[in-house]
Enquirer: 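The structure is given below, and queries will be raised subsequently.
A, B, ... follow the sequence lines: proteins, then strands. Residue 1 opens every chain. Hydrogens, waters and symmetry mates play no part in the numbers below; they use all other heavy atoms, side chains included.
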Amino acid sequence: MKGAFPTVEFGALEIGAMRMLFAYAVFRLAIPANVPFRAQPYPVGVARWLDLTFLSRPACYPVLKIFAWIALGVYAAGLERVLTTAYLFVFCTLLGTLRNSQGTIVHAKQMLSMVLLVQCVVYTTAATRALGEGRSMFHETALADRLAVLWSQEAILAVYFTAGLTKLIHSRGRWLRQVAKIPLQILKTSEQFHHDELKPVDLGARTTVATWLLHHRNATRTLFGLGLLAELCSPLCLFNQTTMLIGGAVLLLFHRLSAFCLRLHFHEAQMLLGIYLVNLPGWVRAMVPWQDYGLASR
Amino acid sequence: MISLWPCVWRLLVLALAMAALVLAPIPGKVLAILTVLQLVFRENFPFSHYPMYAGFSDRTYLILVTDEHDRLLAVKSVFGISANFLKGIYDRELRRHAEERQWAGKYCEMPDLARPGQRVLQFLAGLPAAEGESAPRRKLRLHHVNYVIRDGAFAREQVCVAELAA
């Protein structure tokens, strides 16, 4: 059965659009204006061996940030993919590690870093192979570009699959029963959202929603249980381009639901789903006739 | 006696997941490898096992930071971090305090929350001032807010647990 799945093809324009949109996502979401953490009291990851507080130094971070902007520009232009993905992966990973070494874990930028990691592996492997074959070290084929997209899709879906499995593991299979208590979280996150920037929140309306969910436990279980089902079935998106679109749209829908209920936006996850799974440029290419005028990658 | 069941359950779920990936007619080698790595390395960036909302109970809590007049401060604008991140710092201090006191119950039910609250305020005071933050403040206060389900309705309880001169 393994060989039965249809081959997913990506056009050159579509891959270029994905690259530019991904660069924009990293620019918008993964490069903060400054780094406020001057210590790493509870180190995680590489912070166990490396002191990453140099990132918060005023003389250091602006320089690294400028290099990251340059790397993004070069990456978006489709040049020098090995060095740019490697630099951006290390940059984003060190920033995320320092933030998560404050004693609390933020689940925000891991997906971006994982996509950068798999792309870096793909391009480095392709470059090494090209070097072994006596070609230019930085010779990257269209095949590497397609593989980078496929692996990025798998990295994104691995996040949802892992999240679904963790729910089963952590709750020892009782997640569906426990999720009826989620209305409390709606109230908590609403108040936290207001605390962030004092933006107005209609606590009355949100309490009404939470109360309704509290009193209709089976409806709550069904609604959020579908979210768990979507996470556990997320690998099936890899079947073909249509399942990728449907799966991406369903996961986006659940992100909108959690944004409405829990004020959890996961902007980077939504952007990556839109870029790599929903993939509107790919659908345009597939549907309009100019796809055959030399635009498809060879 | 240490129960082996959590470990057995974890392995069982992982084994079933991997079996499903092998049997499904999809290309999923990278997905399978990353899933295993994420579950093994857990919270070591860029890996994560994404435990948020993996379990729920009848009560939850949050913290609020105010000035000396109990006016709520916009933590993102003032300190550059989110309220959710700040609660994570408070959770860390609750865990630390529970270990120091050898408290076996729920962290948020500890009778004395002043010490962890004080440590959170000290953490905040150590952060550089965010751009544009110039409002004078003499004190920071930390409030612990409990949300519980009681008799089929929500109940909210708020108590000030710590204060620090700014």
Enquirer: For chain A, which candidate among B:Val75, B:Ile89, B:Leu34, B:Leu16 shows the most heavy-atom pairs at distances under 4.5 Å?
Expert: B:Val75
Enquirer: Strictly below 4.0 Å, N to O, side chains only: are B:Arg141 and B:Asp67 in salt-bridge contact?
Expert: no
Enquirer: If you count heavy-atom pairs within less than 4.5 Å of chain B, which of A:Ile156, A:Thr162, A:Asn100 leads?
Expert: A:Thr162
Enquirer: Go through the atoms of A:Arg177 and report whether side chain, backbone, both or neither lie under 4.5 Å from a heavy atom of chain B.
Expert: neither
Enquirer: Aromatic rings A:Tyr87 and A:Phe91: how do their planes relate, parallel, tilted or perpendicular, breaks at 30° and 60°?
Expert: parallel
Enquirer: Between A:Glu154 and B:Leu31, is there a donor-acceptor pair closer than 3.5 Å when you use the side chain of the first and the backbone of the second?
Expert: yes
Enquirer: Tell me, out of A:Leu184, A:Leu198, A:Thr97, who's got the most heavy-atom pairs with chain B below 4.5 Å.
Expert: A:Leu184
Enquirer: According to side-chain hydrogen bond (donor to acceptor under 3.5 Å, both in side chains), who are the partners of A:Glu231, at least two apart in sequence or on a separate chain?
Expert: A:Lys167
Enquirer: Does any heavy atom of chain B fall under 4.5 Å from the side chain of A:Pro43, the backbone, both, or neither of them?
Expert: neither
Enquirer: Let me know if B:Val148 has heavy atoms under 4.5 Å from chain A in its side chain, its backbone, both or neither.
Expert: backbone
Enquirer: Tell me, for A:Leu214 versus chain B, whether the close heavy atoms (under 4.5 Å) come from the side chain, the backbone, both or neither.
Expert: side chain
Enquirer: Give the member of A:Arg172, A:Lys199, A:Glu197 that has the highest number of heavy-atom pairs under 4.5 Å with chain B.
Expert: A:Arg172
Enquirer: Could you look at B:Tyr90 and say if it's the side chain, the backbone, both or neither that has a heavy atom under 4.5 Å from chain A?
Expert: neither
Enquirer: At a heavy-atom separation under 4.5 Å, does A:Phe37 approach chain B through its side chain, its backbone, both, or neither?
Expert: side chain
Enquirer: Heavy-atom distance under 4.5 Å between the side chains of A:Ser56 and A:Tyr61, does that happen here?
Expert: no
Enquirer: Any salt bridge linking B:Glu100 with B:Arg119? Criterion: basic side-chain nitrogen under 4.0 Å from a carboxylate oxygen.
Expert: yes
Enquirer: Side chain, backbone, both or neither: which part of A:Cys92 has a heavy atom under 4.5 Å from chain B?
Expert: backbone
Enquirer: Is B:Lys87 close enough and on-axis enough to B:Tyr61, meaning under 6.0 Å and within 45°, for cation-pi?
Expert: yes
Enquirer: Examine whether an atom of B:Phe41 lies under 4.5 Å from a heavy atom of chain A, and if so say whether it belongs to the side chain, the backbone or both; otherwise answer neither.
Expert: neither
Enquirer: Is B:Asp91 close to chain A through its backbone or its side chain, or both, or neither, when contacts mean heavy atoms under 4.5 Å?
Expert: neither
Enquirer: Using only atom types and a distance under 3.5 Å, with no angle test, would you say the side chain of A:His215 pairs donor to acceptor with the backbone of B:Gly152?
Expert: yes
Enquirer: Which of the residues A:Thr104, A:Thr166, A:Asp196 is involved in the greatest number of heavy-atom pairs with chain B at under 4.5 angstrom?
Expert: A:Asp196
Enquirer: Counting heavy-atom pairs closer than 4.5 Å to chain B, which one of A:Val179, A:Val106, A:Leu94 comes out on top?
Expert: A:Val179
Enquirer: A:Thr93, A:Val46, A:Val44: which one forms the most heavy-atom pairs within less than 4.5 Å of chain B?
Expert: A:Thr93
Enquirer: So if I apply the side chain to side chain contact (heavy atoms under 4.5 Å, CB included) rule between B:Ser48 and each of A:His107, A:Met114, A:Met111, which one comes out positive?
Expert: A:His107
Enquirer: Side chain, backbone, both or neither: which part of B:Ile63 has a non-hydrogen atom closer than 4.5 Å to chain A?
Expert: backbone
Enquirer: Between A:Ile105 and chain B, which part of the residue has a heavy atom less than 4.5 Å away: side chain, backbone, both or neither?
Expert: side chain
